Amino acid sequence: MACRIGEMVLGCRDPELLARFWCEVLDFVVLGREDDGSVEIGPREGFGGPQPPLFLSAREEPEPGKSRLHIDVNPTDRDQDAELERLLALGARPAEVGQTGEESWHVLMDPEGNEFCLLRSRIDPL
């Protein structure tokens, strides 16, 4: 028997802002809110679905140092270029982390500066 990812946790100053952003990026919904302002989002099917939920943990200040966790996303219904345009329109920004320009992915930042990567689609767009 193996483990599965139960949820991914991302510390942030404005969980509601990031919930809106990541719900649009991933087609997630809000699954719950905590008294401290934290927000949990996930697939419409809820817990145990094909993707783990994302818990946006309210923090006054981000932890010092660079996060060791980032999210990789794959487009599901369009090609990578079209998805890049959509993510930038939602508020993502390009991130420079020493890329050569030859990579098959794009490194981006969400509205709070958390890095994530846009990979190529792994399934044929509809």
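Please read these numbers as outputs of a predicted model, since none were measured by experiment.
- Follow the hydrophobic side-chain contacts under 4.5 Å out from Val30 and you reach Leu90 in the same cluster.
- Of the possible polar contacts, none joining the Gln99 side chain to the Glu96 backbone as a donor-acceptor pair under 3.5 Å is found.
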List the steps and the verdict of side chain to side chain contact (heavy atoms under 4.5 Å, CB included) for Gln80 and His106. CA-CA 9 Å; Gln80 186 184 40; His106 297 277; 3.7 Å; yes
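- In the hydrophobic clustering of this structure, Leu87 does not group with Met109; members are Ile, Leu, Val, Met, Phe, Trp, Tyr whose side-chain heavy atoms approach within less than 4.5 Å, directly or through other members.
- One finds no salt bridge joining Asp79 and Arg120 here, because no Lys/Arg side-chain nitrogen approaches an Asp/Glu carboxylate oxygen to under 4.0 Å.
- Within the 3.5 Å criterion, the main-chain N or O of Thr100 finds no donor-acceptor partner in the side chain of Glu102.
- The same ILVMFWY cluster, assembled from side-chain heavy atoms under 4.5 Å apart, contains both Leu26 and Val39.
- Of the possible polar contacts, none joining the Glu40 side chain to the Leu54 backbone as a donor-acceptor pair under 3.5 Å is found.
- Atom CD1 of Ile41 is separated from atom CD of Glu7 by 11.5 Å, given to the nearest 0.5 angstrom.
- The existence of a salt bridge linking Glu16 and Arg33 is confirmed by a sub-4.0 Å separation between a basic side-chain nitrogen and an acidic carboxylate oxygen.
- A ring-centre distance under 6.0 Å is found for Trp22 and Phe116.
- Just one residue in the list Leu108, Asp72, Val73 forms a side chain to side chain contact (heavy atoms under 4.5 Å, CB included) with Cys117, and that residue is Asp72.
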Derivation of the side chain to side chain contact (heavy atoms under 4.5 Å, CB included) call for Phe28 and Arg44: CA-CA 6 Å; Phe28 275 12; Arg44 296 176 187 284; over 6 Å; no
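- Scanning all heavy atoms of the two residues, the minimum distance from Ala92 to Phe21 falls at N-CE1, 3.7 Å.
- A continuous path of ILVMFWY side-chain contacts below 4.5 Å connects Leu18 to Leu118, so both sit in one hydrophobic cluster.
- Nearest approach of Ala58 to Ser38, heavy atoms of both residues: N-OG, 2.9 Å.
- In this structure, the side chain of Ser57 does not engage the main chain of Val9 through any donor-acceptor pair within 3.5 Å.
- Between the Arg86 side chain and the Val25 main chain, a donor and an acceptor come within less than 3.5 Å of each other.
- Taking every heavy atom of both residues into account, Leu56 and Cys12 meet most closely at CB-SG, 3.9 Å.
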Test Glu112 against Arg13 for side chain to side chain contact (heavy atoms under 4.5 Å, CB included), laying out the working first. CA-CA 8 Å; Glu112 281 200 3; Arg13 289 180 297 274; 3.5 Å; yes
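- By the rule that hydrophobic residues join a cluster once side-chain heavy atoms approach within less than 4.5 Å of another member, Leu88 and Ile71 end up as members of one cluster.
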